[in-house]
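The structure under discussion appears below in the form of structure tokens.
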Amino acid sequence: MKIATWNVNSVKARLANVTGWLGATSPDIVLFQEIKSETASFPTAAFEELGYHVQAVGQKSYNGVALLSKLPAEDIITRLPGEPEDKQARYVEATVGGIRVASLYLPNGNPVGTEKYPYKLRWMERLRLHAATLLESGMPVVLGGDYNVIPAPADVYDPVGWAEDALFRQETRLKFQEILALGYTEAFRALHPGLTRAYSFWDYQAGAWPRDMGLRIDHFLLSPQAADRLVACEIDKGPRGQEKASDHTPVVLDLRAPD
DNA sequence: ATGGTTGTTGGACAA
């Protein structure tokens, strides 16, 4: 079972790149972030033609997530619990093929010192509480998406320069570690300990892509029942080098079939 | 080098 996560930075501006990659790669489940589309205007038909069921959760201009699946999605939720007044479209979760899977777009949090950073930390605490609840089900759980978290110095081209950024500062990394401490496995690092320059995002500015000035901020967190089935987790840098690329590139998880 | 780029939208904001 292949599951891909990809911050596409506008699904409409990226439609040719995205459908081309899906046609070639054919993941069973696809998690999008930053669709930048209202739910009603999401290009559902283009993905149905590729054989996917489509769950899109959008808003005007910003944010937005989607979950595509070759098998039907059941028991869908479209909000992260815990702050009902939060209307930002950042979360969708469903059961597909016996796996509880989420597409999440964690707040960026910059600039630190504005309301954006405490919002990020509150959102992370809500995710921690919900992730704990999900473990109680005993189902395999896969939480994939753009976490806007650089977990460790090896995951950023310039750790000193990024020390106080909302994606890397100590408080952010500790909160991410608290989620892992519940019993979740970060799939890519578990399979590639010590690997450097394995990035999933390169800014559009200042030649970040040709200079390989990247960040690893797109992750899969796996419950123990999902981690037991972990086969592979790879970053596909191909799409980032294409014309009209997103600033993120897809990460692909592979889980073996249950015993 | 107080810069640079992309997307939504139709100016300013988010990343």
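Below, chains carry the letters A, B, ... as their sequence lines are ordered, and counting in each starts from 1.
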What integer number of Å spans the C1' atoms of dG4(B) and dA15(B)? 13 Å
CG of Asn17(A) versus C1' of dG7(B): gap in Å, rounded? 14 Å
Non-neighbouring partners of Arg128(A) that pass salt bridge (Lys or Arg N to Asp or Glu O under 4.0 Å), sequence neighbours left out: Glu125(A), Glu178(A)
Taking the P atom of each, how far is dG7(B) from dG3(B), in whole Å? 22 Å
Between C1' on dT5(B) and CG on Asn9(A), what's the gap in Å once rounded to a whole number? 10 Å
Go through the structure and list residues passing salt bridge (Lys or Arg N to Asp or Glu O under 4.0 Å) with Glu164(A), not counting sequence neighbours. Arg169(A)
What is the distance from NZ of Lys244(A) to P of dT5(B), rounded to the nearest Å? 16 Å
If the condition is side-chain hydrogen bond (donor to acceptor under 3.5 Å, both in side chains), which residues does Thr249(A) pass it with, not counting sequence neighbours? none
What do you reckon, are the aromatic ring centroids of Tyr105(A) and Tyr62(A) less than 6.0 Å apart? no
Tell me, please, which residues at least two apart from Arg240(A) pass salt bridge (Lys or Arg N to Asp or Glu O under 4.0 Å). none
Relative to the 5' end of DNA chain B, which residue comes earlier, Arg211(A) or Ile35(A), by the nucleotide with the nearest heavy atom? Arg211(A)
Between N or O atoms, less than 3.5 Å apart, protein on one side and nucleotides 12-15 of chain B on the other: list the pairs.
unit_1	atom_1	unit_2	atom_2	d
dA14(B)	O5'	Lys116(A)	NZ	3.3

Does Arg14(A) put a side-chain nitrogen or oxygen below 4.0 Å from OP1 or OP2 of dT6(B)? no
Enumerate the side-chain hydrogen bond (donor to acceptor under 3.5 Å, both in side chains) contacts for residues 65-76 of chain A, please, sequence neighbours excluded, ordered by first and then second residue. Ser26(A)-Lys70(A)
